[in-house]
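A short write-up of the structure that comes next.
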Number of protein chains: 2
Amino acid sequence: MPKERISIDMDDVMTDAVGRFIDLYQQKFNEDLSALRNPGSTLQNTVPPDRLAAVMQFPHQKEFFKDLPIKEGCQEVIRQLQEKYDIYVVTAAMEFELCFTDKFNWLKEHLPFIPWTNLVFCGHKSIICTEYLIDDAERNLKSFTGTPLVFTAPNNAHLTEYTRFNTWQDVAAYFLK
Amino acid sequence: MPKERISIDMDDVMTDAVGRFIDLYQQKFNEDLSALRNPGSTLQNTVPPDRLAAVMQFPHQKEFFKDLPIKEGCQEVIRQLQEKYDIYVVTAAMEFELCFTDKFNWLKEHLPFIPWTNLVFCGHKSIICTEYLIDDAERNLKSFTGTPLVFTAPNNAHLTEYTRFNTWQDVAAYFLK
């Protein structure tokens, strides 16, 4: 029997992209944006309106995605998952045309055991057919045809219709029980 | 009713990648490799064995995919298809890590009317679920769960089990009849 397939998002699932926003905000405006980590926070409801356009541009800048910190347990759990499942990394990279090499290098460094055949840089994830998707973004979970699973991030605190993972240990408990 | 979705491969479907191999071979070995265009030709049965490893490296070099010529009719037909179908560009870019920007820029230049949401750089195409796939590679057609459609390239002359397109006019005739 073929292994079941799990698609896993990168930003704010594997990586701490919220932290990068906070760092860049500190650099640019010399102010703290740690409130972006609070449940329910989005750029739209946290950043002052006159700065929002500039902050929305951060991920379009060179190196936004370079060397992002990896979340605790991510590497170990994905390595364990790979023994029982086919793991695909599926990231909406096409929105940020300067991110390709940084994302690819990040994957080579942190998840070198996932082969190139299982990496996907895409836009809409609605055309990805795997049994599971672990993602933080409502739009991706909503359009997914398999089992959508939400990985907790500030901007998805309102979602109640999906099984929720707060940590990578939760992911392990769900799939490796 | 939602539009049906067509995934379309890039290399040797939209672009003349075979021509790039011939050009680079001429540059490197000062010999003609036009035989690579003959039906049934592959690198393996056309390039002398002692040069094969070097030629297989060509697409891993910087700029192999830069400014590849577009096939006749490709742009016009895709523009017409887009009125009736959701068009996705699905290319196995992950095999060649230096190709991302060149491929992305090629798409911006030649098919600017396809939004980033509909671009996919991937490895295995077996996880792509659209109604149709137009591709030249047997491995992609074989694992596809919708209707696979072969676009003629030298290395797929032996395939008889798929509807075949020799030109972009054939694609138009099939979808826009």
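In what follows, chains are A, B, ... by sequence order, proteins preceding strands, each numbered from 1.
Proximity to chain A is absent for every atom of B:D86, based on heavy atoms less than 4.5 angstrom apart.
Near-neighbour residues of residues 124-155 of chain A relative to chain B, defined by a heavy atom under 4.5 Å from a heavy atom of that chain, comprise A:H124, A:S126, A:I127, A:I128, A:C129, A:T130. Proximity to chain B at a heavy-atom threshold of 4.5 Å picks out nothing from residues 16-43 of chain A.
Atom CG of A:L107 sits about 8.0 Å away from atom CE of B:M94, to the nearest 0.5 Å. A:L98 CG to B:F100 CZ: the interatomic distance, rounded to the nearest 0.5 Å, is 14.0 Å. With rounding to the nearest 0.5 Å, the separation of CD in B:E97 from OG1 in A:T101 is 8.0 Å.
In A:Q61, the CD atom is crowded: over 12 heavy atoms of neighbouring residues, nucleotides or ligands sit closer than 6.0 Å.
At a threshold of 4.5 Å between side-chain heavy atoms, the hydrophobic network of Ile, Leu, Val, Met, Phe, Trp and Tyr places B:V120 and B:I6 in two separate groups. Transitive grouping of hydrophobic side chains (ILVMFWY, heavy atoms separated by less than 4.5 Å) keeps B:L81 and B:V90 in distinct clusters. Under the 4.5 Å side-chain heavy-atom criterion for ILVMFWY residues, a single connected hydrophobic cluster contains both B:L111 and B:F175. Criterion: ILVMFWY side-chain heavy atoms under 4.5 Å apart, direct or through other members. Under it, B:V13 and B:I70 are part of a common hydrophobic cluster. B:Y85 and B:L119 fall within a single hydrophobic cluster, where Ile, Leu, Val, Met, Phe, Trp and Tyr are joined by side-chain heavy atoms under 4.5 Å apart, directly or via other members.
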